[in-house]
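Have a look at the structure below before the remarks.
A, B, ... follow the sequence lines: proteins, then strands. Residue 1 opens every chain.
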Amino acid sequence: MIRFDNASFHYGGEHGTGEGVDDIDLTIRDGECVLFCGKSGCGKTTITRMINGLAPHFYEGLMERAVYVDDICVSTAPLSTTSSIVGSVFQNPKSQFFNVDSTGELAFGCENQCMSREEIQARIEMTRDDMQLDALMNRNIFDLSGGEKQQIACGSVYAAQPSIYVMDEPSSNLDRKAIRRLHDILVRIKANGNTIVLSEHRLYYLMDLVDRVVYMEDGRIAAEYSAAQLAAMGDDELRRLGLRCASLEHLQRAEGPYAAEPASVTLEALDLSCNRGGVQILDIERLTLPENSIVALIGDNGCGKSTLSEALCGVIPSGGSVAFGGTYLSSKVRPRKSYLVMQDVNRQLFSESVIEEVLLNSDASRERALEVLDALGLASCADRHPASLSGGQKQRVAIASALCAGKDILFYDEPTSGLDRTGMESFGQLLKDTKDQVKCQVIVTHDPELIMQACTHVLRVDNGRVLGVYPLDAEGIERVRYYFLSEDDGSTSRRREKVSVLGKIWSYTGDHKRKTVAAAVFMTLGAICQVLPYLIVYQLIDAVVQGRDLTLQGSVVPLAGILACLVLYAVLYMFGLQLSHRAAYRTLENIRCSLQEKMEAQPIGAVRDMGSGAVKKLLNDDVDSIELLLAHMIPEGIANLAVAVVALLVMAAIDWRLCLLTTIMVGFGVSASGQMMATGVDKLGTYFASTKRLNNTIVEYVNGMEVVRVFNRSGESYQKFEESTLNYRDFALDWYRTCWPWMAVYGSVFFSITLYTLPFGALLVLLGQLGISSYVLCLCMSFGIGPLLTHVMTFISSIPQVNYKIQALEKAMDRMPLKTGTAAFEGASHDVSFEDVHFGYGNDEVLKGISFVAPAGRMTALVGPSGSGKSTIAKLIVHYYDVESGRVCIGGQDLRDMSLEALNSQVSYVSQDLFLFNQPIMENIRVGKPDATDEEVLDAARRAQCDEFVTALPQGYQTPCGAAGAMLSGGQRQRIAFARAILKDAPVVVLDEATAYIDPENAEKMNAAVAELVAGKTVIVIAHRLSSIAHAHNIIVVDDGRIVASGTHEELLAVCPLYVALWNASEEAAFWGLKGGSAYPDEASAHESEVES
Amino acid sequence: MDFDLYGDDSRGVIKLDPRTKLLLFLASSIVSLNLYGITSMVVFSLLLCVLLALCGRPGTALKAFIAFAIVAYLRSCLDAQGTGSAGVVMICQALATIFMFMFPVLISLVMLVQTTRISQFLAAFQAMHLPATIVIPVAVLFRFIPAVQDEWQGIRKAMAFRGIRIDAQSVVRQPFKTIEYMLVPLLFSSISVMEELAAAAEARGLDAEHTRSSYEDVRLGVADYVVIVLFGGIAVYTALNVRRAVMGQ
């Protein structure tokens, strides 16, 4: 129990403002959840501080009367006593951590309470499981995003299990999913009988949780409401109280839907990529933002929103090209044209007074600056120190300085986190007022109210990719609402590991490490053999210099040695290369297999989205480029470098001065190549992106050749082709142009190392400080190492290229895999049930709460207009995608618990498009059950009515189907699909438009085949031709993602107007089909689909 | 400016107690002050590098030792030849010698910092029965370094937007202005972070007067005793040896 005994507190001391709370007389019972709300500065944070004892123990001030928790007077008891019963979560995620590692942070509270190690361990495990913190364990706190940090903060308090939880705006940095998780945690805490005290601006997520809402005004309790009373309040009343909305369900744009007007593009980004710690974070092909727009940048925590805005501003290195107002700008120029208002605005205030701050490095006059300040309501503080302003004022000072500096594009990083209704609305107004002064404003936000208040467009980012830019028209509002209301609460945090390029490749090498090492050893020996001849030459010259006779006989041995060295070099090198290639190609095999495994685990839709061309490029071209690294760079690079270093060391033993000189020259060359890499890397992303675009255009050009010729579009198509070719040429030239000078420098330095050793050495010889033979030796060494170093440098310069490709490879495969279990099928029956299933593709929600049961052994039909979500339901049964919320079960077992194999043995899915392998028909049918005997296959074929047309084919069942079954008609292919399904004999059958190719000629056969297939099974059928499903046990009418009616044919005809309309349309189409169908069977179905759409 | 203070010993073959690492640091300092022979220097550095590799940083250890070996080799080449002008020789010798003296200290510092988490430090200090009034400030100091790094990165970005440059040219031209631009935001944002951090730590029960337990299992194991005996012995021996040599003279 918490008891405020008519307590008052006013901040005093050094920084005290005298503000505070007065006469708080309140009792909070055990197990109650109380929310304190009110305008900014109303004293709700002070209330939380009084409960956890920070006021008056930490924040000095004048305390009158006291606050009691149970029997303890927290106003006088030491903080350490209070902390064991009161757990606190604070608003700012970055300043509430004591440790640098996340696990240590979870343990912190428990440690302070002096728990035993085992107990702490158990608490941490419990917290991790309850709060889905797996991906955040053992991480560096500074690598986490704000929302992730806040989750750790909640977890840390949860682990200590206090009886009272005090939270000061815990949701201010959280995304929708994390808020949902926070909500679930709060439910759990409350269910455990603990007391929760919250101070919060966001109300909507707490409505089903709070018992009491205490409304504060000017430091006093002004009113108390129940959640129901608050929910019943109209928007105007809430605004009067300065409260945020109580529900997102009816959130509307303040000025009605935005009427999209054609506007020119003000920001364009092409092929934007950004890497951090060896991982590619952004992968954006094209992004455009319209002029004079206010764009809300939304996405889940850690999806790359901040990275995207910083990359667009040019303050972090990124690949690709970004244009402001039609001009492409380098990352050095972009910060001058853009401005980012940071969440922590303290970082961007540099001057001693507001007016100086605004005028800093700007061309604006003092009058103009005052004008801007006045417009922002800051005129009175022009001479104050920025640090003395409030948070909101500081934010406006930052905006003012951006306006004075004439920036084109403004970015805001979560500007309204922790703002009350008034603050949020006046910020929204500010956005609208500045709309015409800048070209574009982008707001990174988790605040749906702000979006509805001020924004015109929404940019949705997911996992570093742009999911869409759409205007906030009626449809856009629907999408935003869907985004924030979606019940998906899965954590999107992932572990990002910092591994260097070589380390990454090395990990793929697997069992072939030894071969690569052996290759490096052989090549090192080979490289030694390359240097040895110079030493032999030295001996010969030395002999001459010493004045000894150089006889033919005497020189035979050295000459033979040189020859032997050359032969050895060739042999060793070849051998090494052979080994390294063997290791390399095995490694490529590993990489391809691991990519294939990753692809297998992904939702089918995600793979389809990538396109077969891109997958081919990924698995083939990109992987191939790694071969260069493995087979050549690693072993040869190591070998050449090692020998060059050894040669230099030997030189040092002879004469350290010459060695020093050579080393300096080599260092000069290496730094030149380093420069080349540094400048080259910046442009590499752009270069590869244009390669990618060229590839895509070529593929499109070839694939679309037919259409192009038929419609006489060759000019247009060629133009596109030419454009991307030119584009590629320009980027490639640009890249090489950057690299050329440096290449020239290091190339010439390495080849002419002798040039520098020669005169200096000669000088030393003349001064008598160096023996002539040593001099000759050093010269020979210099000759020897030049080529080695040049070799190494060519490899080093290609490392960034390979690195880039590997990162792109990993990025392409980083989508969330399907959630599959390992359990076998354990369902009690073969009933298929949907339980409140929500699902959407990206921006749009397709299924909005679907629940039904398809009983075992009966036929359930799904009907509805096109795009109503019927096919999506069918695809969810075969687990092509994961549902967002709710469950899909077979016999009571969730699909996500089953392994894919187990699921596939239970379900046959027959769809309209059927893929036939280029194999005999017999084998194509056998796909349904790979271990079937020929008899079984033939039997299935007979039952599917295939026998009659297959035996008519020249080679009967051994006739190859041709590529994708080109030999067969649609209806015939369909029956082969039925044969497959009959052979598979799975207890659940899903027919997705499976009878689309039906026509009067084959209708009888098709119906017979279907009858064979569905006998005794749980059948879920989707058909446009309603006559074929009229006899179904249950017909479910789906419209716009919801079930509108269900029942038998007769029942529906009586009660459901939509069904009646569908039935009539279908009957009409069937009549049409009959007329045309007899002559042109394929067209019949085409007609049908036309009528449909 | 990356100290990589996030200690990670998960890859280590042996896990040393932070106290052992502290002792190792002390021993290395003593040894490097008292050791002159090039062979004994190489042996001692090799020992340290092996230990660093065993503690989970084989890459760093290998690179460091190669660097050390090359410098030692160059120095011996320099000594052996005795050619070149006296000034250059002296500069080169001095550079090499300083590097070799610093090496053991640096390596043991790297081992101390990069393989130890703050919570381990705290636990170790507690096990040493140091008063909390010393332990907590030290922990806060460690926590503060990455916080300042983080702030500094943000401030650099903010400077880019305002056209404020931090380079040699601007430092020479207007040194005070530049320092002001660097310090003002750094101080103001650090102050607010520190205040909130202190409030959070106190509200969560950190108190100098109470004993804390620790999640970290800091205990002296066999490896610790071996390391302590070995390196402690070397330190004592070298120190005594030098004293004897000095007294003998």
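Options B/Met194, B/Glu180, B/Lys177 differ in how many heavy-atom pairs under 4.5 Å they form with chain A, and the most are formed by B/Glu180. The candidate with the highest count of non-hydrogen atom pairs below 4.5 Å against chain A, out of B/Ala123, B/Gly163, B/Gly154, is B/Gly154. When each of A/Asn112, A/Leu649, A/Asn346 is checked for heavy-atom pairs under 4.5 Å with chain B, A/Asn112 comes out on top. By number of non-hydrogen pairs under 4.5 angstrom with chain B, the leading residue of A/Gln91, A/Glu118, A/Glu105 is A/Glu105. Heavy-atom pairs under 4.5 Å with chain B were tallied for A/Asn99, A/Asn52, A/Val345; the largest tally goes to A/Asn99. Among A/Arg336, A/Glu357, A/Lys337, the residue with the largest count of heavy-atom pairs under 4.5 Å with chain B is A/Glu357. Highest contact tally toward chain B, considering only A/Arg117, A/Gln348, A/Lys407, A/Met342, is held by A/Arg117 [criterion: heavy-atom pairs under 4.5 Å]. Taking chain B as the reference chain and counting heavy-atom pairs below 4.5 Å, the highest number among A/Ser338, A/Ala107, A/Ala405 is found for A/Ser338.
No side-chain heavy atom of A/His57 sits less than 4.5 Å from a side-chain heavy atom of B/Glu202. Considering only heavy atoms from C-beta on, B/Glu151 comes within 4.5 Å of A/Asp344 through its side chain. Taking the side chain as every heavy atom from C-beta outward, B/Lys157 and A/Ile316 approach each other to under 4.5 Å.
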Legend entry - B/Arg204 vs A/Ser88, side-chain hydrogen bond (donor to acceptor under 3.5 Å, both in side chains): CA-CA, chis, key distance, verdict: CA-CA 7 Å; B/Arg204 287 166 59 202; A/Ser88 312; over 6 Å; no

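Nearest heavy-atom pair, A/Ser83 versus B/Gly205, reported as atom, atom and distance to 0.1 Å: OG-CA, 3.0 Å. Heavy-atom minimum distance, A/Trp656 versus B/Val89: CZ2-CG2, 3.5 Å. The two atoms that bring A/Phe90 and B/Ala199 nearest to each other are CZ-O, 4.5 Å, heavy atoms only.
If you measure heavy-atom distances from A/Leu349 to chain B, the contacts under 4.5 Å come from the backbone alone. The contact between B/Ala147 and chain A is made by backbone and side chain atoms together, counting heavy-atom distances below 4.5 Å. Interface residue A/Ile124: only side-chain heavy atoms are found under 4.5 Å from chain B. For chain B, the nearby part of A/Tyr59 is the side chain; its heavy atoms alone come within less than 4.5 Å. The parts of B/Ala203 that come within reach of chain A are both its backbone and its side chain, each placing non-hydrogen atoms under 4.5 angstrom from that chain. Using a 4.5 Å cut-off between heavy atoms, A/Phe58 contacts chain B through its side chain alone, with no backbone atom that close.
For B/Met90, the CE atom is loosely surrounded, since the number of other residues' heavy atoms within 6.0 Å does not exceed 12.
Using a 4.5 Å cut-off between non-hydrogen atoms, the part of residues 70-79 of chain B that approaches chain A consists of B/Ile70, B/Tyr73, B/Leu74, B/Cys77, B/Leu78.
Put simply, the residue from A/His385, A/Lys394, A/Arg347 that forms a side chain to side chain contact (heavy atoms under 4.5 Å, CB included) with B/Phe188 is A/His385.
Partners of B/Ile164 under the side chain to side chain contact (heavy atoms under 4.5 Å, CB included) rule, at least two apart in sequence or in another chain, are A/Phe350, A/Leu360, A/Asn361, B/Met159, B/Arg162, B/Tyr181.
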